[in-house]
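Order of the sequence lines sets the chain letters (A, B, ...), proteins ahead of strands, with each chain counted from 1.
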Amino acid sequence: MAFASEHIMAYAVEATEFPDLVRRYRVTGVPKTIVNEEIEILGALPEDAFVEQALGQFTNDNSQFTK
Amino acid sequence: MALISPSDQQKLRESFAAMPGSVRLLFFTQTLGCDTCLQTRQILDELPVLSDKIAIEEINLVLDAGKAKQYGIDRAPAIAVVGQDGSGAERDSKIRFLGAPAGYEFISLVQAVLLVGGAGSNLSAGTLKRIAAIDKPVTMQVFTTPT
């Protein structure tokens, strides 16, 4: 997704090496995805569901999720 | 000692050979207080010998803080995956790995290299359409463990 959009940045974080990040984002299980410090996605979701949760509120053509 | 078995090396060699573009892996390291920097360097060193399209560039997080900031890196070990556009200019994938890419994360790193090297996206048309509508910065952090 980061490769496909100039606006998206993606970090794969090795949890055991960075306990400070694990604490900050309350990571109690993996995989856990944090989007813009606020959206939390637990587990590995199918692509459509992941995109909906991760990007729903950033996608302009989806008024349901626009702030 | 090679960390990858000879048969896996051969498979990777073939996959990398099919990439149209080159990929640079910017390896951010620091001398002190980095338990897994050496391990990360050893893992990364396995890749350029399998393909002349893959290069490793080591960057000191402390001494080259400007570059670290440019690539959004504030800790080590970290890897930034950087490719090229059609004219050969740098095209940053904005894919980063924080921590040693050991275990399953090594496969993720290989997949990132193949993607950035031009092997093509696995995303659905629907996802690509949605991504194209993104017009503000989005940062995703995916936490994993090395199993």
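With rounding to the nearest 0.5 angstrom, the SG atom of B/Cys37 is 8.0 Å from the CD atom of B/Glu58. Atom CZ of B/Phe106 is separated from atom CD of B/Glu46 by 7.0 Å, given to the nearest 0.5 angstrom.
Heavy atoms closer than 4.5 Å to chain B are found nowhere in A/Ile39, neither backbone nor side chain. Contacts of A/Glu14 with chain B are made by both backbone and side-chain atoms, with heavy-atom separations under 4.5 Å. In this structure, chain A has heavy atoms under 4.5 Å from both the backbone and the side chain of B/Pro77. Using a 4.5 Å cut-off between heavy atoms, B/Leu128 touches chain A through its side chain atoms alone. At a 4.5 Å heavy-atom cutoff, the contact between A/Val27 and chain B is made by side-chain atoms alone. Using a 4.5 Å cut-off between heavy atoms, B/Ser124 touches chain A through backbone and side chain atoms alike.
By the 4.5 Å heavy-atom criterion applied to side chains, B/Lys67 and B/Glu57 are counted as neighbours.
For the options A/Val35, A/Val30, A/Val13, heavy-atom pairs under 4.5 Å to chain B are most numerous at A/Val13. Of the listed residues (A/Ile34, A/Thr16, A/Asp48), the one with the most heavy-atom contacts under 4.5 Å to chain B is A/Ile34. Contact tally against chain B (heavy-atom pairs below 4.5 Å) for A/Val51, A/Thr33, A/Asn36, A/Val22: the top residue is A/Asn36. Between chain B and the residues A/Ala4, A/Ala15, A/Ala12, the most heavy-atom pairs under 4.5 angstrom are made by A/Ala12.
Note: the hydrophobic cluster containing B/Leu50 also contains B/Ile56 (ILVMFWY, side chain heavy atoms under 4.5 Å, direct or indirect links). In the hydrophobic clustering of ILVMFWY residues, with side-chain heavy atoms under 4.5 Å counting as a link, B/Val49 and B/Ile79 come out together. Residues B/Ile73 and B/Val113 fall into different hydrophobic clusters, defined by Ile, Leu, Val, Met, Phe, Trp and Tyr side chains chained together at heavy-atom separations under 4.5 Å. A single hydrophobic cluster is seen to contain both A/Leu55 and A/Phe50, as judged by linkage of ILVMFWY side chains at heavy-atom distances under 4.5 Å, directly or through other members.
For the pair B/Gln9 (side chain) and B/Ile4 (backbone), a donor-acceptor distance under 3.5 Å is present. No side-chain donor-acceptor contact under 3.5 Å links A/Ser5 to the backbone of A/Met1.
Think of A/Leu42 as one node in a network of Ile, Leu, Val, Met, Phe, Trp and Tyr side chains linked at under 4.5 Å; it has no links at all.
When the heavy atoms of residues 12-33 of chain B are compared with those of chain A, none of the residues falls under 4.5 Å. Residues of residues 83-100 of chain B lying under 4.5 angstrom from chain A, judged on non-hydrogen atoms, are B/Arg91, B/Ser93, B/Lys94, B/Ile95, B/Arg96, B/Phe97, B/Leu98, B/Gly99, B/Ala100 in numerical order.
For A/Glu40, the salt bridge (Lys or Arg N to Asp or Glu O under 4.0 Å) partners two or more places apart in sequence, or in a different chain, are A/Arg26, A/Lys32.
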Q) Between A/Asp20 and A/Arg23, does a salt bridge (charged side-chain N to carboxylate O under 4.0 Å, His left out) hold up when you go through it step by step? A) CA-CA 5 Å; A/Asp20 60 320; A/Arg23 272 195 301 276; over 6 Å; no
